[in-house]
Chemist: 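Have a look at this one.
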Amino acid sequence: MSSLRLFELNPEQEKAVRATDGPLLILAGAGTGKTKVITTRVAFLICSGVDPSQILAVTFTNKAANEMRERLRRLIEPEKAKEVTMSTFHALCMRLLRQDIEKLGYKRNFSIYDEGDTTGLIKKIITRTAAKDEKLDPGVAKSLISKAKNNGWSAPEDEQSLLGAVFARYQAELKTLNAVDFDDLLLLAVKLLQEFPEVRARWNRRFQYLMVDEFQDTNRLQLDLVSLLAKAVDAPPGTRPNVAVVGDDDQSIYGWRGAEVSNILEFEEHFPGPTVIKLEQNYRSTNAILNTANTLIKNNPRRRPKQLWSAVEGGDKVNVVMAPDDRQEAEYVASQIAQRTFNEGLKHEDFAVLYRMNAQSRSVEQHLREMKIPYRVVGGKSFFDAREIKDLLAYASCLVNADDDVSLLRIINTPARGIGDTLVERAVEASIKARCSVFKVLQDEAFRGELTTRARNAIDTFVELLDRYETKLNEPLADQAGVLRAFIDETGYIADLRRTCKTPEEGVKRESKLLEVIRWFDENQKKSPDGLQKFIGDMMLRQEQEKEDDKEEGRGVTLITLHAAKGLEFPHVYLIGLEEGLLPHEQSKMAGTVDEERRLLYVGITRAMRTLTMTWCNQRIRYGSTMPCTRSSFVKEFPAEWVEHRNLVDIQSAPVDHSTAKNRFEQMLAFLDQIPD
DNA sequence: GGCGAATCGTCAACC
DNA sequence: ACGATTCGCC
């Protein structure tokens with residue numbers, strides 16, 4: 001037990017670790033050692049004799065789950081750490097559904113639709129459903145449907161309103177397609193546990209100890225899921241569920257996704273008689289950073305007051321830098337990182353660049369590349385939204401579930417094989433009429449009979465191709481990655497990809513990207529026999545972010561959105577784009593949710609351990625043209641005594657500061673020393 | 001039906 | 001600035 005080093009914990013942290021029985025609520029401010037407490041608590045449970053496979057830890061992002069797993073590995077034997085289930089809510093639900101979704105009327109080989117697939121489907125349903133004078137924005141419809149699902153509402157029986165009709169049809173169509181969206185993963189998992197006590201009892205037995213991180217961000221479905229898992233269906237009355245939740249109302253930043261802060265504020269009502277522990281000592285940041293964050297967040301009404309304090313004295317002042325435009329902002333950040341790694345002996349891994357929207361990473365990436373600084377972009381649309389990757393996944397999805405219309409339609413004429421828009425249109429129409437999938441229509445004699453010979457031939461060739469590879473895939477001991485590669489090859493997809501690229505170099509790049517994904521699958525397949533279906537699911541949930549080679553050192557500067565950065569920490573942080581309309585975002589000002597934007601900035605600031613630099617621009621390129629910008633209104637809320645405001649133009653014209661000059665001089669001397677006289 | 005060119009609309013965040 | 005969509009021509 002001494003190897004756990006409980007003596008490294010403060011009294012409150014230790015209390016939290018030792019509170020292993022019954023409900024536990026840990027109110028943990030930013031940087032109060034929350035992850036340390038969770039991981040140590042898991043380790044403590046295991047050392048106390050709990051079977052590691054009976055422990056479930058749920059987080060919100062894959063990044064946080066991986067981080068936790070990594071830290072646990074350092075505390076206990078890796079084999080035991082591996083047995084603990086650490087996953088995001090969505091990945092957990094997928095696991096539940098893979099086993100028992102048939103009970104809910106879906107087939108085991110169901111597909112998962114991402115944002116793009118979902119919007120596309122809703123768009124189609126709207127055009128089909130809406131009368132001439134009616135219009136409904138697909139994006140609006142999608143978010144309303146999503147909100148409804150997360151509140152546990154089902155589609156209305158009557159189809160009075162257009163929205164209601166679209167909702168109902170969307171849900172019905174997903175089921176026909178044997179597909180689920182991200183919300184369904186939660187919704188259906190909850191339904192499964194509610195309606196099938198024997199399934200619930202099985203998972204109750206499996207997970208005796210639950211921990212939920214970032215509990216302030218759970219929505220109603222997620223709370224339901226936690227309750228269903230934690231409260232054993234057959235538990236005698238008076239049993240206290242072993243559920244530990246950790247959270248901080250100041251870091252609630254997922255209101256737009258239906259998060260209910262009340263889940264944490266009213267925890268006692270869901271899990272009576274909990275042990276409640278407050279963690280208030282911050283170990284992460286300097287006082288300059290902490291005071292800046294505290295002063296800012298005090299401006300929020302309706303928050304649980306807390307006294308975050310740090311034993312670390314002072315530290316460098318927080319920098320706020322004004323840049324002429326976004327290009328120079330990015331260049332400044334990149335050159336600072338280059339200089340500081342050189343002068344101060346810092347590692348690239350010590351730095352993170354945080355921003356409000358994914359689009360902001362581009363300019364920073366560009367300058368980091370130019371300066372040959374390694375970096376990695378976390379999340380965002382970088383890799384998986386590339387056309388070739390989505391096409392590949394669509395091809396794979398069709399092999400697994402040919403009734404998945406969205407995937408089928410994506411690739412039915414990619415590359416062009418003579419099944420054009422009008423033909424596809426007719427097939428879709430027939431599929432709606434017959435209430436079956438498009439693939440079934442393509443095989444239907446009545447449908448095929450009405451076609452020209454040429455059209456029929458094109459369809460027959462396609463159906464035969466898909467059939468043949470589906471059979472190959474399902475052969476026992478099939479090399480599934482090989483089958484997929486051969487399939488893509490025979491369709492002529494790669495040749496088509498190359499052809500449609502502007503430059504040959506681009507073609508080579510995209511092709512190797514495609515082949516790399518197939519190679520991941522190949523490796524993945526060797527580790528688990530679950531095959532293609534699981535791999536597609538993991539890809540949809542972005543589970544593979546942590547590749548083997550990423551774990552080694554040298555992964556470089558982290559580029560990450562403020563949302564994705566929650567739960568992480570970095571020695572040196574650059575927080576860019578502190579402009580009115582961007583942070584706080586324009587949309588949030590209109591929606592009246594500026595408080596949440598303030599919490600978002602609070603989250604960003606509290607990621608920094610040693611130094612923090614925030615930047616804003618006078619102008620920025622948006623939608624391809626230059627727009628003037630003004631400083632974020634949050635900046636004036638910072639405490640003057642801990643923050644230094646500077647102008648990038650002044651910094652650049654100033655002489656090199658003393659320590660930098662001294663450093664460079666010493667490096668020169670060291671270099672000269674190496675040269676023999 | 002297929003293909004290049006012009007035009008359009010997007011950039012809020014995550015799984 | 002870029003990808004998606006529409007348009008006009010073969």
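Within every chain, numbering begins at 1; the chains are lettered A, B, ... in the order of the sequence lines, protein sequences first and strands thereafter.
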Chemist: Salt bridge (Lys or Arg N to Asp or Glu O under 4.0 Å) with A:Arg607: which residues, sequence neighbours excluded?
Modeler: none

Chemist: Applying ring-ring contact (aromatic ring centres under 6.0 Å, His included), name anything that partners A:Trp256, two or more places apart in sequence or on another chain.
Modeler: A:Tyr254, A:His563

Chemist: For A:Asp137, which residues count as a salt bridge (Lys or Arg N to Asp or Glu O under 4.0 Å) partner, sequence neighbours excluded?
Modeler: none

Chemist: Could you list the residues that satisfy salt bridge (Lys or Arg N to Asp or Glu O under 4.0 Å) with A:Glu596, not counting sequence neighbours?
Modeler: A:Arg599

Chemist: Of all residues at least two apart in sequence or in a different chain, which pass the ring-ring contact (aromatic ring centres under 6.0 Å, His included) check with A:Phe89?
Modeler: A:Phe60

Chemist: From CD of A:Gln222 over to P of B:dC14, roughly how many Å is that when rounded to an integer?
Modeler: 15 Å

Chemist: I want to check something: taking the side chain as every heavy atom from C-beta on, are A:Asp404 and A:Tyr113 in contact at a cut-off of under 4.5 Å?
Modeler: yes

Chemist: May I have the distance from A:Glu579 (atom CD) to B:dA12 (atom C1'), rounded to whole angstrom?
Modeler: 15 Å

Chemist: Which nucleotide in the list B:dC15, B:dA12, B:dC14 gets nearest to the side chain of A:Ser588?
Modeler: B:dA12

Chemist: Do side-chain atoms of A:Thr218 reach the backbone of A:Glu214 as a donor and acceptor pair under 3.5 angstrom?
Modeler: no

Chemist: Just call it for A:Phe60: base, sugar-phosphate, or nothing, with non-hydrogen atoms closer than 4.0 Å on any strand.
Modeler: sugar-phosphate

Chemist: So what does A:Gly420 hit on the nucleic acid, given a heavy-atom distance under 4.0 Å: a base, only sugar-phosphate, or nothing?
Modeler: sugar-phosphate

Chemist: Let me know the distance between CG of A:Leu221 and C1' of B:dC14, rounded to the nearest Å.
Modeler: 16 Å

Chemist: Between B:dA12 atom P and A:Met357 atom CE, what is the distance in whole Å?
Modeler: 7 Å

Chemist: Please identify which of these residues, A:Leu187, A:Leu228, A:Leu104, meets the side-chain contact (heavy atoms from CB on, under 4.5 Å) condition with A:Leu192.
Modeler: A:Leu104

Chemist: Between P on B:dC14 and NZ on A:Lys147, what's the gap in Å once rounded to a whole number?
Modeler: 17 Å

Chemist: Identify whether any heavy atom of A:Asn413 sits under 4.0 Å from a base atom; if not, whether one sits that close to sugar-phosphate; answer base, sugar-phosphate or nothing.
Modeler: sugar-phosphate

Chemist: Select from A:Arg454 and A:His585 the residue whose nearest nucleotide in DNA chain B is closer to the 5' end of that strand.
Modeler: A:Arg454

Chemist: Is the shortest distance from a Lys or Arg side-chain nitrogen in A:Asp325 or A:Arg620 to a carboxylate oxygen in the other one below 4.0 Å?
Modeler: no

Chemist: Can you tell me if the side-chain N/O atoms of A:Asn358 get under 4.0 Å from OP1 or OP2 in B:dA12?
Modeler: no

Chemist: Tell me whether the OP1 or OP2 atom of B:dC14 has a side-chain N or O from A:Thr88 closer than 4.0 Å.
Modeler: no

Chemist: Residues two or more places apart in sequence or in another chain: which of them pass ring-ring contact (aromatic ring centres under 6.0 Å, His included) with A:Phe570?
Modeler: none

Chemist: So, does the side chain of A:Glu115 form a donor-acceptor pair with the base of B:dC15 at under 3.5 Å?
Modeler: yes

Chemist: Categorize A:Glu597 for me: base, sugar-phosphate, or nothing, with a 4.0 angstrom heavy-atom threshold over every strand shown.
Modeler: base

Chemist: How close or far is atom C1' of B:dC14 from atom OH of A:Tyr355, stated in whole angstroms?
Modeler: 13 Å

Chemist: Let's see if you can work this out: which of B:dC11, B:dC3, B:dC14 has an atom nearest to the side-chain heavy atoms of A:Ala416?
Modeler: B:dC3

Chemist: Hey, where on DNA chain C does chain A first and last touch, going 5' to 3'? Cut-off is any atom under 4.0 Å from a heavy atom.
Modeler: C:dA1 to C:dC2

Chemist: Is the shortest side-chain N/O distance from A:His90 to OP1 or OP2 of B:dC15 below 4.0 Å?
Modeler: no

Chemist: Give, ordered by number, those residues of residues 252-260 of chain A having at least one heavy-atom distance below 4.0 Å to an atom of DNA chain B; if nothing qualifies, reply none.
Modeler: A:Tyr254, A:Trp256, A:Arg257

Chemist: Counting heavy atoms from C-beta on, name the nucleotide in B:dC15, B:dA13, B:dA12 closest to the side chain of A:Gln587.
Modeler: B:dA12

Chemist: Whole angstroms only, please: what is the CZ-P distance between A:Phe182 and B:dA13?
Modeler: 15 Å

Chemist: Given atom CD1 of A:Ile560 and atom C1' of B:dA12, what is their separation to the nearest angstrom?
Modeler: 15 Å

Chemist: For A:Leu423 and A:Ala564, find the nucleotide of DNA chain B closest to each by heavy atoms; which residue's nucleotide sits nearer the 5' end?
Modeler: A:Leu423

Chemist: Could you tell me which residues satisfy salt bridge (Lys or Arg N to Asp or Glu O under 4.0 Å) with A:Arg220, sequence neighbours excluded, listed by chain and number?
Modeler: A:Asp224

Chemist: A:Arg362 near the nucleic acid: base, sugar-phosphate alone, or nothing, with a heavy-atom cut-off under 4.0 Å?
Modeler: sugar-phosphate

